[in-house]
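Heads up: the structure comes next, in structure tokens.
Order of appearance sets the numbers: ligands from 1, and atoms from 1 within every ligand. Here the structure is a predicted model, which is why all the values come from computation and not from measurement.
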Amino acid sequence: MKKTLVFLLIVLFFATTASASMKIKLAVVTKPGSAQNIVADKFKELIEARSQGEITVKVFHSASLGNETEILQQIQMGTVEMGIITAGPFDTFDPIVRVVNYPFLFKDNDQADLILDGPLGQEILKSLETSGFKGLHFSENGFRNLTNSKKAVKTPDDIKGLKIRVMASALHKTIWQTLGANPTPMPWPIYTELEQSVIDGQENPLWVMEVYKFYEIQKYMTMTRHVYSSHIDVAGLKWWNALSDDNRALIAGAIKDAAIFQRTDNRAKNAGRMALLGKKGMIIEQHPDVTAFRARVADLKNMDLYSDPRVNALLIKMIE
Ligand code: EAX
């Protein structure tokens with residue numbers, strides 16, 4: 001009997017010391033199959049394989065840990081280690097993020113990659129340290145497009161008075177105010193609000209219309225591509241700083257590969273999505289008057305949103 005107990009204790013001792021040494025809680029607000037989840041799930045797969053199970057990841061999805069603002073607060077406090085978070089709501093924490101969300105900043109995916117993976121993108125990620133975050137990489141939501149249930153939209157004049165849901169971001173709210181809409185900030189998800197016509201429309205990349213079945217409740221889509229929407233793949237700075245160099249390198253490598261995998265995957269699926277949404281009955285305006293949209297928001301860079309000298313200097317570099 002005694003022998004068995006000693007044996008059990010020995011087994012228990014080895015089992016605890018040899019078990020996975022680190023568990024990462026990673027939070028997203030979206031459901032499986034979403035852009036954020038593809039990064040999260042790929043990261044989990046890569047890091048668990050590369051660390052031979054020493055590092056494990058639990059993905060909390062569908063806003064089970066709260067909306068994006070609440071997740072960011074938990075990451076700052078250290079109760080959640082990582083998140084894949086849309087850049088929009090980040091601007092309450094650090095206005096520098098308004099630079100990457102500037103309307104009509106990037107003309108295409110290649111330009112977005114070039115800038116965000118280059119020194120300017122690094123500067124933004126680095127800057128998040130002042131608010132307690134370790135910005136690891138950019139993955140993507142994608143180019144955002146307007147949908148609504150009321151009418152076909154081709155020019156900014158068509159938007160007048162439409163009730164549009166926007167992310168919890170001062171910049172996004174201002175963009176839609178400036179375009180003449182009636183914007184309401186609301187956290188994700190928003191299907192019920194659209195269905196019950198609390199709001200007339202929303203704006204998001206193509207994958208959202210497919211994964212969240214917005215074709216059931218939004219008749220019109222306009223390919224405005226007004227903001228290239230990034231996710232910031234982020235960790236808490238305190239937690240990050242306490243990791244070993246080896247673990248930091250493993251995590252940084254896995255998140256980078258997951259982000260690049262997801263961006264490629266997202267883009268490859270866009271043509272198919274467009275066809276599907278048309279088949280589902282959405283009326284799609286492929287060629288809105290982008291020049292007019294651009295002109296309406298051209299003055300944004302001179303607004304208070306960008307008055308912080310650090311933010312302004314970076315925006316000017318970006319626009320050039
Ligand atoms: O990916 O809140 C939003 O509109 C975001 O784009 C959301 O995370 C969907």
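- When only interatomic distances are considered, the shortest N/O to N/O separation between N141 and ligand 1 falls below 3.5 Å.
- The protein non-hydrogen atom at the shortest distance from atom 7 (C) of ligand 1 is W188 CD2, 3.7 Å.
- Within ligand 1, counting atoms from 1 as listed, the ones closer than 4.0 Å to a heavy atom of N204 are 3 (C), 4 (O), 5 (C), 6 (O), 9 (C).
- In terms of polar-atom proximity, E203 is not counted as a contact of ligand 1, lacking any N or O under 3.5 Å from an N or O of the ligand.
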Enumerate, atom names and distances included, each donor-acceptor pair closer than 3.5 Å involving a side-chain atom of residues 312-320, sequence neighbours excluded.
| from | atom 1 | to | atom 2 | distance (Å) |
| --- | --- | --- | --- | --- |
| N312 | ND2 | Y306 | O | 2.9 |

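- In the displayed structure, K126 atom NZ is contacted under 6.0 Å by at most 12 heavy atoms of other residues, nucleotides or ligands.
- Among protein heavy atoms, atom 2 (O) of ligand 1 sits closest to R165 NH2, 2.8 Å.
- For residues 163-179, every residue pair satisfying the side-chain hydrogen bond (donor to acceptor under 3.5 Å, both in side chains) rule, not counting sequence neighbours, is listed here: D91-S169.
- Judged purely by distance below 3.5 Å, without hydrogens or angles, the side chains of N270 and R267 never pair a donor atom with an acceptor atom.
- For atom 8 (O) of ligand 1, the nearest non-hydrogen atom of the protein is Q36 NE2, 2.9 Å.
- Around the CD atom of Q286, the shell of radius 6.0 Å holds more than 12 heavy atoms that belong to other residues, nucleotides or ligands.
- Counting the atoms of ligand 1 from 1 in the order shown, those under 4.0 Å from a heavy atom of W207 are 1 (O).
- Contact annotation: for R144 versus ligand 1, heavy atoms closer than 4.0 Å belong to the side chain alone.
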| said: What verdict does the salt bridge (Lys or Arg N to Asp or Glu O under 4.0 Å) test give for D41 and K44, after you've listed the backbone C-alpha separation in whole Å, the side-chain angles of each residue and the deciding distance to 0.1 Å? | reply: CA-CA 5 Å; D41 294 343; K44 175 182 164 69; over 6 Å; no

